[in-house]
Novice: 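Sharing a structure below in structure tokens format, with a few things to ask.
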Amino acid sequence: MVIRTTNTEQLIGFGRALSDGVCRALLDDIVIDAAYRKQGLGNSIVKELLDQLTEIEQIFLNTKPDLESFYHQFGFTKTNAFTMSLT
């Protein structure tokens with residue numbers, strides 16, 4: 001999401017989805033500049049991504065506990081899955 005003024009552009013938020021196009025998708029890096037939070041921009045980004053993934057069987061994400069309620073409104077639920085990573 002970019003704000004455009006008469007002479008400048010500023011990136012204020014973005015999000016991405018990684019998918020195989022059929023079975024699985026991962027929402028990742030949903031980010032809004034702190035100065036623009038609580039204005040519905042995150043909602044718009046997530047809705048747009050989910051609209052693009054309507055044919056995908058399973059959509060998942062990793063999030064911090066304090067953001068779980070934000071994702072609940074889109075139908076995401078907490079699972080007991082264990083995530084592993086290389087550090």
Side-chain angles (χ1 to χ4, degrees):
M1 200 162 271
V2 175
I3 287 185
R4 289 183 177 87
T5 61
T6 53
N7 297 320
T8 63
E9 291 185 354
Q10 176 186 356
L11 179 66
I12 60 166
F14 62 91
R16 65 181 170 161
L18 308 171
S19 178
D20 62 8
V22 178
C23 296
R24 306 281 185 276
L26 166 69
L27 294 190
D28 198 19
D29 296 329
I30 311 299
V31 179
I32 303 296
D33 183 295
Y36 294 91
R37 292 182 186 154
K38 306 291 185 190
Q39 297 180 33
L41 302 175
N43 284 333
S44 296
I45 290 172
V46 173
K47 286 177 187 176
E48 177 64 30
L49 291 172
L50 292 176
D51 285 348
Q52 295 177 35
L53 299 170
T54 57
E55 302 298 320
I56 304 301
E57 292 177 16
Q58 183 181 32
I59 302 170
F60 58 99
L61 59 86
N62 295 314
T63 191
K64 298 176 186 176
D66 59 322
L67 293 174
E68 287 178 18
S69 62
F70 172 77
Y71 291 104
H72 283 290
Q73 68 182 315
F74 300 102
F76 286 94
T77 57
K78 192 171 182 176
T79 66
N80 292 327
F82 180 73
T83 301
M84 299 176 71
S85 66
L86 293 173
T87 57

Novice: Once rounded to the nearest 0.5 Å, what's the spacing between atom CD1 of Ile59 and atom CG of Leu53?
Specialist: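 One finds 4.5 Å between CD1 of Ile59 and CG of Leu53.
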Novice: Taking only residues two or more places apart in sequence, or in another chain, which ones meet Arg24 in a salt bridge (charged side-chain N to carboxylate O under 4.0 Å, His left out)?
Specialist: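 Result, salt bridge (charged side-chain N to carboxylate O under 4.0 Å, His left out) vs Arg24: none returned.
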Novice: How long is the gap from CG on Asp29 to CD1 on Ile45, to the nearest 0.5 Å?
Specialist: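 It comes to 11.0 Å.
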Novice: By salt bridge (charged side-chain N to carboxylate O under 4.0 Å, His left out), which residues pair with Asp33, not counting sequence neighbours?
Specialist: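 Salt bridge (charged side-chain N to carboxylate O under 4.0 Å, His left out) list for Asp33, sorted by chain: empty.
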Novice: How many angstroms lie between CG in Leu67 and CZ in Phe76, if you round to the nearest 0.5 Å?
Specialist: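 Those atoms lie 13.0 Å apart.
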Novice: Supply the atom-to-atom distance Ile32 CD1 to Leu11 CG, rounded to the nearest 0.5 angstrom.
Specialist: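 Nearest 0.5 Å value for the CD1-CG distance: 9.0 Å.
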Novice: What's the spacing between Leu61 CG and Leu26 CG if we round to 0.5 Å?
Specialist: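 Answer rounded to 0.5 Å: 7.5 Å.
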Novice: What pairs of residues pass the side-chain hydrogen bond (donor to acceptor under 3.5 Å, both in side chains) test when at least one of them lies in residues 64-75, not counting sequence neighbours?
Specialist: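 Listed by first then second residue: Asn43-Gln73.
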Novice: May I ask you to test the Leu27-Thr63 pair for a side-chain heavy-atom distance under 4.5 Å?
Specialist: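 The answer is no; the side chains never approach within 4.5 Å.
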Novice: To the nearest 0.5 Å, what is the distance between SG (Cys23) and CD1 (Ile56)?
Specialist: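 The CD1 atom of Ile56 is 8.0 Å from SG of Cys23, to the nearest 0.5 Å.
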Novice: With heavy-atom distances below 4.5 Å as the criterion, would you say the side chains of Leu49 and Ile30 are in contact?
Specialist: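 Yes, at least one pair of side-chain atoms sits under 4.5 Å.
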Novice: Are Leu41 and Phe74 linked, directly or through other ILVMFWY residues, by side chains that come within less than 4.5 angstrom of each other?
Specialist: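 Yes: a chain of side-chain contacts under 4.5 Å links Leu41 to Phe74.
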Novice: Are Phe70 and Phe60 connected in the hydrophobic side-chain network, where two residues link if heavy atoms are under 4.5 Å apart?
Specialist: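 No, it is not one cluster - the side chains of Phe70 and Phe60 are not joined through contacts under 4.5 Å.
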